[in-house]
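This one's a predicted model, so the numbers in the text were calculated from it and none came from an experiment. Just the heavy atoms: all of them, side chains too, but no hydrogens, waters or symmetry mates, feed the values below.
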Amino acid sequence: MSSLCPFAKATTGGVCPMKSDKKPDKSGGGAACPVTGKSHGSENKESGADRAAGEDGAEDPRVVPAKCPFGYDSNTFKLGPLSCMVCQALLHDASKCKPCSHKFCKACISRFKDCPLCGADIEGIEPDAELQALVDRFIDGHARIKRSLAGGDDQAAGGKSKVIYEDVSMERGAFLVQQAMRAFRAQNIESAKSRLSMCAEDIREELKSSEDNLDLCSQLGAVLGMLGDCCRTLGDAPSAITYYEESAELLSKLPKKDLELVHTLSVSLNKVGDLRYYGGDLQSARSYYARSLDVRRNSVKEHSAVASQVIDLATSLAKVADVDRNLGNEDAAVEGFEEAIKCLEKLKLDSEQASLEQRRRSVLDFLQKQLHDK
């Protein structure tokens, strides 16, 4: 699957400056607080097909891979004076602890009784509007603050002031996405949503003068999907569905040659299906699952040698079959489960594809159990 970042063409030499070869963390530990190491938030409902499929964590908004879907490694961000030490992203709703005066995002520090930096008891938290205004000005001016990747120039545009973040060499949209990924992983969802909203607004503005730009449409589709994840995690299902549907509408109009685009499109459709499913609207859920299944069928026809595509196809078959069973269409459900099993049994993986083999086996075990329980 292509790891090309949609923002890469805007950077020096057309190469994503923060691209990492590090593989995503499948442990789910990304949702833990980076200071305490403890997880936050309650568990959302999840179907058996979701748990078995995995889909690189894409179906579960609580699990954010270490590798940004745009190709940027969120772990390489350099902390600076405008960052929160808890989520390690730019401050959002900057707040100061009393009496120690250490500063964090409001959502981050609200989880603690003691200051994460000095250990002092937190007697109160008050907003720091002046610091937040400085952060906002930094973000607004980010597009004008560039550094040469090769030259290592420490001066901002005009040479009047020092650049305080190495990452300002990145295109603004990619920078905002990177910040959102860090905040999301630390469960500062409002911060992530704010940065992604800025990014989406920027892309929409660019699209006004370049409606046929496929790269911009692809970027916006991906960002809208991430916004849907934020809303879903916050419990705002209607807004999540709106974002996922807009993402799917945009991506469905683009050429289906890029596997990353196909994956994003099919996942957005599945997520709408999931929310409809949990909301009790099984017919609507089946419709979205079936659309995702069609996307994956077509992808497998063109990329039959790509193992992840075959596993994705089996996952979609399982989702549709599961809904059919709940709707009382047992024959259709059995047919779907059997087709998925055949796909996975024919898939042969080598020893270097251990993670895919584990995923294949997990989905296969789930499918076989469904047939046994009919």
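Scored by the salt bridge (Lys or Arg N to Asp or Glu O under 4.0 Å) test, R195 finds no partners at all (sequence neighbours excluded). Evaluation of the side-chain contact (heavy atoms from CB on, under 4.5 Å) rule for S101 yields K96 as partners, not counting sequence neighbours. Every residue meeting the side-chain contact (heavy atoms from CB on, under 4.5 Å) condition with Q283, not counting sequence neighbours, appears here in chain and number order: D281, L327. Qualifying side-chain contact (heavy atoms from CB on, under 4.5 Å) partners for A183, counting only residues two or more places apart in sequence or in other chains: A89, N188, S191, A192. Annotation: salt bridge (Lys or Arg N to Asp or Glu O under 4.0 Å) contacts of E335 (sequence neighbours excluded): none.
No side-chain heavy atom of D274 sits less than 4.5 Å from a side-chain heavy atom of Y244. Proximity of D128 to S95: side-chain heavy atoms (C-beta onward) are nowhere separated by under 4.5 Å. You'll find the side chain of R286 stays beyond 4.5 Å of the side chain of Y277, heavy atoms only. Between R276 and Y289 the shortest side-chain heavy-atom distance does not fall below 4.5 Å. Here the side chains of D331 and D324 are not in contact, with every heavy-atom distance at 4.5 Å or above. Side-chain contact check for L91 versus M85: every heavy-atom pair is 4.5 Å or farther apart. Under the 4.5 Å side-chain criterion, counting only non-hydrogen atoms from C-beta, V262 is in contact with S299. E330 is listed as a side-chain neighbour of R325, based on a closest heavy-atom distance under 4.5 Å.
Remark: K342 does not engage E339 in a salt bridge, criterion side-chain N to carboxylate O under 4.0 Å. The pair D312-R359 counts as a salt bridge, with a side-chain nitrogen and a carboxylate oxygen less than 4.0 angstrom apart. Salt bridge D365/K369: absent, no basic N to carboxylate O contact under 4.0 Å.
When atom types are taken as modelled, the side chain of S239 and the backbone of D236 share no donor-acceptor pair closer than 3.5 angstrom. Using a distance-only test at 3.5 Å, with no hydrogens or angles considered, a donor-acceptor pair links the side chain of D350 to the main chain of E352. Remark: the backbone N or O of D93 is paired with a side-chain donor or acceptor of Q132 at under 3.5 angstrom. Here the side chain of S247 pairs no donor or acceptor atom with the backbone of Y243 at under 3.5 angstrom.
Checking each of N270, V267, L265 against S292 for a side chain to side chain contact (heavy atoms under 4.5 Å, CB included) leaves exactly one that passes, namely N270.
In summary, the side chains of E302 and N298 do not present any donor paired with an acceptor at a separation below 3.5 Å, with no hydrogens or angles considered.
Here the closest non-hydrogen pair linking L356 and I311 is O-CD1, 3.6 Å.
With rounding to the nearest 0.5 Å, the separation of CG in L82 from CG in L90 is 6.5 Å. How far CG of L293 is from CG of L313: 6.0 Å, rounded to the nearest 0.5 Å.
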For residues 197-206, which side-chain N or O atoms pair as donor and acceptor with protein atoms under 3.5 Å away, sequence neighbours left out?
unit_1, atom_1, unit_2, atom_2, d
S197, OG, K193, O, 2.8
D202, OD2, R172, NE, 2.5
D202, OD2, R172, NH2, 3.4
R204, NH1, E246, OE2, 2.8
R204, NH2, E246, OE1, 3.3
R204, NH2, E246, OE2, 3.1
E205, OE1, K208, NZ, 3.4

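Sparse packing is recorded around CD of Q358, with 12 or fewer heavy atoms of other residues, nucleotides or ligands lying under 6.0 Å away.
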Could you walk me through whether V323 and N329 pass the side chain to side chain contact (heavy atoms under 4.5 Å, CB included) test, one step at a time? CA-CA 9 Å; V323 177; N329 302 327; over 6 Å; no
